[in-house]
Amino acid sequence: MKSGGQTVLRPAPIDAARPLAADAMAGLTAKPKRLAPKYFYDAAGATLFDQITRLPEYYPTRSELALLRANAPALASLFPPGCALVEFGGGSSRKARILLGAAATVEAYVPIDISREFLQQDAAQLRRDLPRLAVHPIVGDFTQLPNLPEAVAATPRVGFFPGSTIGNLEPHEACEFLRRAAAMLGPGSLFAIGVDLVKAPDILYRAYNDAEGVTAKFNLNVLARLNRELGADFDLAAFEHHAFYNAERSRIEMHLASTRRQKVRLCGATIEFRAGETIHTENSYKYSIESFQALAQGGGWSPLTVFSDGLFSVHVLRFAQG
Ligand code: AVJ
């Protein structure tokens, strides 16, 4: 901002210890430039993602909800009596409620999410709707795998990781996550995981390039967030949403491409962009049923059953040994 030739400082909190500032700085000074997909989800990003889940082109949410509804009794019949349902980074209990409604045997629900406010609201509503259920929300990043609450220390566990969020991890990270989830959930536990499937590239392409441009807004919102929270000066009109299927690596890639040569200020530094240079903002890995089962086995889990409609899959895994 300029005023009478003087640079007016914005009230930009500059704190390298803050994960967003430190990560944004590291990612935007790296080659190639990148930003982690977890930063999409501020309040505006969560609203945009919610709109994505209702787009005609974005099949994953509809497919997964239908699979959960159709197979909830079969899934629930596998749950150990008196178990705790532990949900990783779900964003809302909407999908867990389908399982909770079919499995009267679930005693406790432990949602793990990064948003405290959201978790508390959701937990309060769930306690009203299902008074017999003990709800123990944990504030945390699902990849950090926080300790489970004392109250479920002696309870058999069922993990639940819907939404194909596991697709944001590199396959070796997903394997490591599954290994650590096994250690956290313990021997004999089950794990239900939603995983998007490899399919015709045009279907995948459309799911991330919707006609309304909601996914483009969602992608660009990460730059708006850096402007809002870090006082950066990204010109959103000078970046374009790029999403494409990388068949060699079985993943959708999302990028933000600079439409021209430009400089952006961020946390006291100047970030330079060449015309066409991109920021890599997301990978969304797609698996076949077999390739995900092989990954799960590498992480210590045995495939028990899988539900699929050809577009999306819900895997049920068991952790046999300690
Ligand atoms: C929440 C990671 C499963 O990869 O489909 C949707 C995020 N990005 N549209 C996905 C997303 C663009 C979504 N996941």
Side-chain angles (χ1 to χ4, degrees), residues 19-20 22-41 45 49 52 58 60 64 87-91 112-114 140-146 159-185 191-199 201 204-205 207-208 215 218-219 222 241-257 277-303 306 311-315 317 319:
L20 176 65
D23 270 11
M25 191 56 90
L28 294 175
T29 53
K31 281 180 192 170
K33 293 179 169 63
R34 55 180 154 74
L35 287 168
K38 66 177 174 187
Y39 294 121
F40 285 138
Y41 302 93
F49 181 68
I52 288 175
Y58 194 77
E64 186 175 45
E87 177 165 3
F88 299 89
I112 305 169
D113 200 275
I114 37 174
D141 178 345
F142 74 83
T143 58
Q144 307 286 303
L145 295 189
F160 185 42
F161 193 15
S164 202
T165 304
I166 198 163
N168 274 165
L169 301 178
E170 292 298 309
H172 75 274
E173 294 170 340
C175 190
E176 177 61 20
F177 166 77
L178 288 169
R179 195 173 283 289
R180 291 192 298 125
M184 179 208 206
L185 296 169
F191 204 175
I193 310 187
V195 183
D196 196 15
L197 293 173
V198 171
K199 61 183 60 65
L204 286 168
Y205 182 87
Y208 295 84
T215 309
F218 174 73
N219 197 6
V222 75
H241 168 69
H242 283 189
F244 57 89
Y245 185 58
N246 178 339
E248 231 155 86
R249 307 193 68 176
S250 301
R251 69 189 193 197
I252 286 282
E253 294 186 17
M254 295 214 311
H255 300 259
L256 289 163
E277 186 175 0
T278 74
I279 308 169
H280 189 174
T281 51
E282 184 168 46
N283 286 324
S284 183
Y285 279 88
K286 311 301 171 187
Y287 293 91
S288 66
I289 285 176
E290 297 73 26
S291 69
F292 188 77
Q293 287 179 334
L295 183 91
Q297 281 173 311
W301 295 85
S302 306
V306 56
L311 292 173
F312 199 88
S313 60
V314 176
H315 288 259
L317 313 171
F319 176 39

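- In this view, H242 and E240, H255, A257 satisfy the side-chain contact (heavy atoms from CB on, under 4.5 Å) rule, not counting sequence neighbours.
- Legend: side-chain hydrogen bond (donor to acceptor under 3.5 Å, both in side chains) pairs involving residues 161-172, not counting sequence neighbours, sorted by first then second residue: N168-E282, E170-N283, E170-Y285.
- Listed for the E253 side chain is no donor-acceptor partner under 3.5 Å among the backbone atoms of F244.
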Donor-acceptor list for residues 28-38 side chains, cut-off 3.5 Å, not counting sequence neighbours:
residue : atom : partner : partner atom : Å
T29     : OG1  : M25     : O            : 2.7
T29     : OG1  : A26     : O            : 3.3
K33     : NZ   : E272    : O            : 2.9
K33     : NZ   : E277    : OE2          : 2.7

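- A donor and an acceptor atom, one from each side chain of Y58 and T215, are nowhere located under 3.5 Å apart.
- Between D196 and I252 there is no side-chain heavy-atom pair separated by less than 4.5 Å.
- Contact between I289 and S313 at its shortest, heavy atoms only, is CG1-CB, 4.4 Å.
- Nearest approach of A174 to Y287, heavy atoms of both residues: CB-OH, 4.3 Å.
- In this structure, W301 contributes its side chain and F191 its backbone to no donor-acceptor pair below 3.5 Å.
- The two residues I112 and G140 have their closest heavy-atom pair at CG2-O, 3.7 Å.
- Side chain of K199 to main chain of L311: a donor-acceptor pair is present (N/O by atom type, distance under 3.5 Å, no hydrogens or angles).
- Side-chain contact between L204 and V198 is absent, with no heavy atoms from C-beta onward closer than 4.5 Å.
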Practice item. Take F218 and Y208, measure what ring pair (Phe, Tyr, Trp, His ring centres under 6.0 Å) needs, and give me the verdict at the end. Key: CA-CA 10 Å; F218 174 73; Y208 295 84; 9.6 Å; no
Side-chain donor-acceptor pairs under 3.5 Å in residues 291-299, sequence neighbours left out?
residue : atom : partner : partner atom : Å
S291    : OG   : S288    : N            : 2.8
S291    : OG   : S288    : O            : 3.2
S291    : OG   : S288    : OG           : 3.1

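- With sequence neighbours left out, F177 forms a ring-ring contact (aromatic ring centres under 6.0 Å, His included) with F88, F142, F161.
- Listed by chain and number, the residues in a ring-ring contact (aromatic ring centres under 6.0 Å, His included) with Y39 amount to none (sequence neighbours excluded).
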